[in-house]
Number of protein chains: 8
Amino acid sequence: MRLTSKDKLVMIGDSITDCDRARPVGEGLFGAIGKGYVSVVDALLSSTYPELGIRVVNMGTSGNTVLDLKDRWQTDVIALKPDWLSIMIGTNDVWRQYDSPTIPEQHVYLEQYEATLDQLVTEVLPSVKGIVLMTPFYIEPNTQDLMRAEMDRYGAAVKRIAEKHNTLFVDTQAAFNQVLEHLYSGTIAWDRVHPNHTGHAVLARAFLQVIGYDYNKGL
Amino acid sequence: MRLTSKDKLVMIGDSITDCDRARPVGEGLFGAIGKGYVSVVDALLSSTYPELGIRVVNMGTSGNTVLDLKDRWQTDVIALKPDWLSIMIGTNDVWRQYDSPTIPEQHVYLEQYEATLDQLVTEVLPSVKGIVLMTPFYIEPNTQDLMRAEMDRYGAAVKRIAEKHNTLFVDTQAAFNQVLEHLYSGTIAWDRVHPNHTGHAVLARAFLQVIGYDYNKGL
Amino acid sequence: MRLTSKDKLVMIGDSITDCDRARPVGEGLFGAIGKGYVSVVDALLSSTYPELGIRVVNMGTSGNTVLDLKDRWQTDVIALKPDWLSIMIGTNDVWRQYDSPTIPEQHVYLEQYEATLDQLVTEVLPSVKGIVLMTPFYIEPNTQDLMRAEMDRYGAAVKRIAEKHNTLFVDTQAAFNQVLEHLYSGTIAWDRVHPNHTGHAVLARAFLQVIGYDYNKGL
Amino acid sequence: MRLTSKDKLVMIGDSITDCDRARPVGEGLFGAIGKGYVSVVDALLSSTYPELGIRVVNMGTSGNTVLDLKDRWQTDVIALKPDWLSIMIGTNDVWRQYDSPTIPEQHVYLEQYEATLDQLVTEVLPSVKGIVLMTPFYIEPNTQDLMRAEMDRYGAAVKRIAEKHNTLFVDTQAAFNQVLEHLYSGTIAWDRVHPNHTGHAVLARAFLQVIGYDYNKGL
Amino acid sequence: MRLTSKDKLVMIGDSITDCDRARPVGEGLFGAIGKGYVSVVDALLSSTYPELGIRVVNMGTSGNTVLDLKDRWQTDVIALKPDWLSIMIGTNDVWRQYDSPTIPEQHVYLEQYEATLDQLVTEVLPSVKGIVLMTPFYIEPNTQDLMRAEMDRYGAAVKRIAEKHNTLFVDTQAAFNQVLEHLYSGTIAWDRVHPNHTGHAVLARAFLQVIGYDYNKGL
Amino acid sequence: MRLTSKDKLVMIGDSITDCDRARPVGEGLFGAIGKGYVSVVDALLSSTYPELGIRVVNMGTSGNTVLDLKDRWQTDVIALKPDWLSIMIGTNDVWRQYDSPTIPEQHVYLEQYEATLDQLVTEVLPSVKGIVLMTPFYIEPNTQDLMRAEMDRYGAAVKRIAEKHNTLFVDTQAAFNQVLEHLYSGTIAWDRVHPNHTGHAVLARAFLQVIGYDYNKGL
Amino acid sequence: MRLTSKDKLVMIGDSITDCDRARPVGEGLFGAIGKGYVSVVDALLSSTYPELGIRVVNMGTSGNTVLDLKDRWQTDVIALKPDWLSIMIGTNDVWRQYDSPTIPEQHVYLEQYEATLDQLVTEVLPSVKGIVLMTPFYIEPNTQDLMRAEMDRYGAAVKRIAEKHNTLFVDTQAAFNQVLEHLYSGTIAWDRVHPNHTGHAVLARAFLQVIGYDYNKGL
Amino acid sequence: MRLTSKDKLVMIGDSITDCDRARPVGEGLFGAIGKGYVSVVDALLSSTYPELGIRVVNMGTSGNTVLDLKDRWQTDVIALKPDWLSIMIGTNDVWRQYDSPTIPEQHVYLEQYEATLDQLVTEVLPSVKGIVLMTPFYIEPNTQDLMRAEMDRYGAAVKRIAEKHNTLFVDTQAAFNQVLEHLYSGTIAWDRVHPNHTGHAVLARAFLQVIGYDYNKGL
């Protein structure tokens, strides 16, 4: 288990991370952490390692692209002084190209996406113990689907950045692919983007695996 | 134009037809006709042929399968004494097999679907001037997609019934396919099922074509 | 068809245009385009010409007079860089004279109306491919009705401006007159101002005709 | 003044009478009497003749035609044992013919209207001190307007019934005509049917005149 | 009748005047004038003298004392350029002394009340055609009641100011006293302060009398 | 202290007792006991005598007269098997005579009031340990006030019944009179009927006194 | 893993199980399964064993005691034909004794609790593949606490029943005790009864352990 | 009785004091004083000593720690010029350490608590007639409970400050302990922090005792 006593883990992203978290900071009482994978991660960590006192903070914001992360990087990441940071971004960068094709100012194309994400990682890396880069995903098994294919290219960019900076890396698309061998995409997400509770468990398990979480501890 | 003066057209179906129509009968003031293709059909008919006084009634009900139509066929179709009747059903019959695979009592399989729809058409046919059978559709261009493939089989069943009874027939899937050559599925419907206003125009145009509507009349 | 690939069409006006559009810009997902004729125009354009990727933006604001358009011309028209622009204004300029006769500061009289509209057209003309000037209208067949007669004078002013600047022109009153030969005014609008879905189809068809839209393309 | 001490006046009608009255009986505390002409009548009577203790009851119901009055005549009129009764009905009987021309089952044509109203008056007449028959009206000065002309025919029927049974009679259309010489119809009612507070004062004054109300008493 | 064509009458006061008027100015469509005596005044004036086009504006604000009027005198009275102005203030100045005796900073005692009201009248008098000063009132017949007695002293102050400046004057307490001979205070107002519709008619009639309104004109 | 271990005290009445109690029985968690004097009684009893486990149940119902109590006496009193019962009724029996003088069917006159209350007491007396009869009251110091005078007559009737059956008796009017020597009626209740928290404390203290409550126990 | 392909697992209980599940059956789309441990169980099962198609149904109802389960045993358990059944009940049976000590009819004492639960198990056992009996719990580490001690006695009864019928057994109190060694009770549940997301994970992990769930499958 | 005529008592604290008081100042009409012990104190004082005209002001704010009091000390205490001041703070200072152990910036530890409170008392003491320092409390009888033990240490600090400055002192924990001998903690407060009406009476009685309140005065 890579996280140690009293480590603070900030998880940032878009609506898939947000899930009705509290503002301005998604941490604390009254469901402040939201209802998505961040909550599953926190619940499994705190129930399995209650002695560690790990602090999980949800900083996802619905609708965000990597450019929005850039705008709030100082206040929403750096200022929170995380020990660990996870980033899962890119869904909206791609999606707007496919659901709003006539509105180019809402699109974030691959080159800008990769450059911006790389810049954000570069900036925060020196001040944290570790970063977990998670790919965006598309819950569609057909790799010829235009948007799935594009999302795969963004995922590959995330992987390049993870390798370049030697961060931890979660291939969320691979995690979903494994489930999609047995379940139709619509069973997990009507819009192929926002997972139901099963999909959030897929994300949480994939994340927890890379940080060395041991589910069976204490059982 | 097949509809004549003071004809009453009842359009029945599921949520794609419903679109917040009034209860118990979707007709009259205050947006009673709902906000979907039925409204577009009515608006184009009444603005183009104001002299005909055609009466359009929306009897769609969200979540319905063909079995639900059967349950309300007497009150919601026969009792309304339509001159013309359109039926577009099947989405939920198929969808539940794919978004709720573990709940078989919510599934309506092909054989039962076809037999029930055939029975409904048989029952109402003698009392109407004409019937328009509209296939269900799935806004997904990949014909190998499991749900698209299944929906195509249901659409084929509709076509068989139309041919058997010699009714009018609308291939809504074909109408969407034409648009999908240029637009990604997510541009028209996030869940590949419920169209936005563009998709409802696709449905309305396909319907109006088979009843001989002439858009340019009066222009 | 006058609009070409990726053209951006901004449609500005009052509540008849607005119809619950999104703020600050009426474009994009979640019904941002509103529920009136702008939506019908967009739906018919995008379903008939999906390959063109035409971009329709609704900038109507309820209660506006031509003076309000002037106040927001820079931000709500010029700054959006439209290729095409439609303007339909004048209802409130006239209506307040008739429903609030004791409050003259809410009235915009003919001279000021014409001068202001002319100024707005003059200002934007050099930067667009085309302008569509639509008359205001009053859904009342009696030309002796005081408010109808006044609205006709405002419509004539719109025509003069269209001719002066050689823009496209839509006589919406004429379009409604054609329908009013068969339908009582109250069938289309209880207050003779805000049309129901039939009335919005009348407006959309009149608009689409002058831009060379071909409904039958692809059918 | 025709009403005497402790007389109970029931006023029945449609939405113009209703104006948010309480259910099941529009009388008593907390604005139970509604916000329309019935309230003005009650306010003027009780402030001018506080010593009489006249009891005013509002039994209007929005959307009612004379057929609806017939359905509730026993419970909503006879059972209340009024000393005086006013009836103003017919707006919806006519209006539905003009705003919903394709739905004939919502129309109440003149012959049935007159026969039903006559029957209701005949039934209640023996048990009351007096009846005030008020014509329906249409706030439109153009007597050639189709709906105004029709409403005039219904008003003439009310007059015939009043003369036949020798009841009091209020020509509400005449009262509005007098105002319409100076005010545009839209100043009093956007839809030419539901008056604003000025229009309700017109109705109240017309009603009060025929019952011999003396505004100047006590001033 | 003292008001002449197109005169603008501003009526200012506290909650008894306010009655849910629109903000910032209580004038125009959609019930902007509120639901109290101002509305009755406007309704009777406009239905009796439609040819005059008198403009009535409600500037009452719930909870106001004369000190609050002073604070908004410039924006809410002077800036509106009234031809006629009515003022009815003092209820809260007195009431807080009796319902909140421990909170002296909410009390406005008689001397300050009279001086402030006098100052406001002095300030606005040169710019208007006429002022109507209305006393505050307390719907309690017992003149020995502490609050009634105090209110009478405030009413006397209003009378002194009216006489000093030779303005029109309405003794609202006297008007209520006449009704209280026949009706118990609780029949008109549960809290002896906020009248029901009968009480607002009492106020309207008393006001209209001093401006020379003729109810019977046109009947 | 007359109540002993585990005694159940049911307190019935009108809105002054009700104060938003839970339905069907005003007892238990989540503020079920309401916000009035019943809650004060329960709070003082349970904090002073926690060892007794006294059970207080609020069965007040807004708007009730003694006739309403009679209608629900079996279900709302007898069936609850109280050890002790308090009754405070009569406000609405009197009030409707004064705020709704024209509606006699809402009035309960003195003779019927006394006879009915006597009957209710007679019926329940054999099955309880004790009854506390509380007079209705009117927060008005002027004994010449018509409604105060009438309320006093109803209070005298309660006293007669208490003496006849030898029950405990609370003169609530006397309790309020003591306070009214120092506070204006409007300080305790705007409508002279519904007390604020101070008035509810007056009621609670008067009630507790007759059951022998000792505030200083344990202090 | 004890559950096999297409097994249906019904989980019944009180508010800790309920967590806003859908009615009448907590299964299917739109979060029907609620937000508590049942959702965590379903999410982990379906993400880890997507090939099994296990069907999880939430039948918890807030406020229930074992007597309520008995009342709905036929419709809510037997009629659903579960393959597997989990039961966690007893919290309210005990809690009402401690938060509402004066209301004995809301208490379910130990003997009746054990007898009733035994009867329910006996009834359903023959028709299922397996039963998981879960103890009620109290998130309080002090075993001398009165309610904790009582809850332990109810838990022991559950254990006796599990042993008698040889069902699977989950000691939820033991699972919480392990966490309470490191976390204060209030960190998991403000009221020591309703767990936050961490507490629900404790319950889910304890449940999953006894059915042989393998978290690491597929990772 | 230590408070004398027209004394102003300000009571400040956290949510236990707040109880939905009005903003910005919790005093006056419409329940401005909130629904907790402050309201009980005010109700008992004003009903027992109506002649004193004591003024009670609720300045509690939910969620406050002593640091929040410090932030608003000038505006919410000093500026109100109290004659008497009560302070009950510390619950949240301690609670956050136990319900949110991972978020240290929300904790106020003992040393800072005592120093800050001492500073606030020092600052206000010269300008008031008297201060009542009330300990925070925890409705848990087990003195070994971690949070109860901590709360006792904070209570001891309050006592030290009271003794140092010779202020009045209320040991609220002792008051609750007396009740907890007979009632389980959950009978008074589900979360052991926010009392129900019984608990608020415990607080009010403890407070009133130290200011010399005589409940029996006037009875």
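All values below come from the heavy atoms of this structure, side chains included, with hydrogens, waters and symmetry mates left out. Numbered from 1 within each chain, the chains take letters A, B, ... in sequence-line order.
- Proximity to chain A at a heavy-atom threshold of 4.5 Å picks out G:D42, G:A43, G:L44, G:S46, G:S47, G:T48, G:P50, G:E51 from residues 42-59 of chain G, in numerical order.
- Other residues, nucleotides and ligands contribute over 12 non-hydrogen atoms within 6.0 Å of the NZ atom of G:K129.
- Taking A:Y138 as the reference, nothing meets the ring-ring contact (aromatic ring centres under 6.0 Å, His included) condition, with sequence neighbours excluded.
- Residues of residues 182-214 of chain A that come closer than 4.5 Å to chain G, counting heavy atoms only, are A:H182, A:L183, A:W190, A:H197, A:T198, A:A201, A:V202, A:R205, A:L208, A:Q209, A:Y213, ordered by residue number.
- Environment of NZ in A:K217: crowded, with over 12 heavy atoms of neighbouring residues, nucleotides or ligands closer than 6.0 Å.
- Of all residues in residues 30-37 of chain G, those placing a non-hydrogen atom less than 4.5 angstrom from a non-hydrogen atom of chain A are G:F30, G:I33.
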